[in-house]
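Here is the structure we will look at.
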Amino acid sequence: MLDRAVVEEFLDGEFEEGDWEIPEDIPKGALVEAFCQYTEDDYYEWLKDNFQSFFNHSNPDWAWIREKIKANEK
């Protein structure tokens, strides 16, 4: 779950840089929430795809995984 305050800060910066304004009929909190939900949905799909790839589509290569773990320990 994304930190809504961090996302709000991010959006503020992006809107400022892009010189955009939120339309008056869209509450900022609702925009932040909609963007967070959109991003979280995409993130979940990304996790599922990476899970399949990391675990070799239900045929884990444990030697390869051990090497990945070792590389992260350095």
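Every heavy atom of this structure was used, including side-chain atoms; hydrogens, water molecules and symmetry mates were not. When a residue number appears, it is its place in the shown sequence, counting from 1.
Other residues, nucleotides and ligands place no more than 12 heavy atoms under 6.0 Å from the CD atom of E21.
Below 30°, between 30° and 60°, or above 60°: for F55 and F51 the angle between ring planes is between 30° and 60°, a tilted geometry.
Ion pairing of K48 with E45 is present here, as a side-chain N (NZ or NE/NH1/NH2) and a carboxylate O approach within less than 4.0 Å. Remark: R4 engages E40 in a salt bridge, criterion side-chain N to carboxylate O under 4.0 Å.
There is a path of hydrophobic side-chain contacts, each under 4.5 Å, that joins W64 to I69. Both W62 and F54 are members of a single hydrophobic cluster when ILVMFWY side chains are connected at heavy-atom separations under 4.5 Å. By the rule that hydrophobic residues join a cluster once side-chain heavy atoms approach within less than 4.5 Å of another member, F35 and L2 end up as members of one cluster. When hydrophobic clusters are built by joining Ile, Leu, Val, Met, Phe, Trp and Tyr residues whose side-chain heavy atoms come closer than 4.5 Å, directly or via intermediates, F10 is not grouped with V6. Under the 4.5 Å side-chain heavy-atom criterion for grouping Ile, Leu, Val, Met, Phe, Trp and Tyr, F15 is connected to I26 within one hydrophobic cluster.
Separating the CD atom in E67 from the CG atom in D61 is a distance of 10.0 Å, to the nearest 0.5 Å. Note that CD of Q37 is 8.0 Å distant from CE of M1, once rounded to the nearest 0.5 Å.
Between K28 and L11 there is no side-chain heavy-atom pair separated by less than 4.5 Å.
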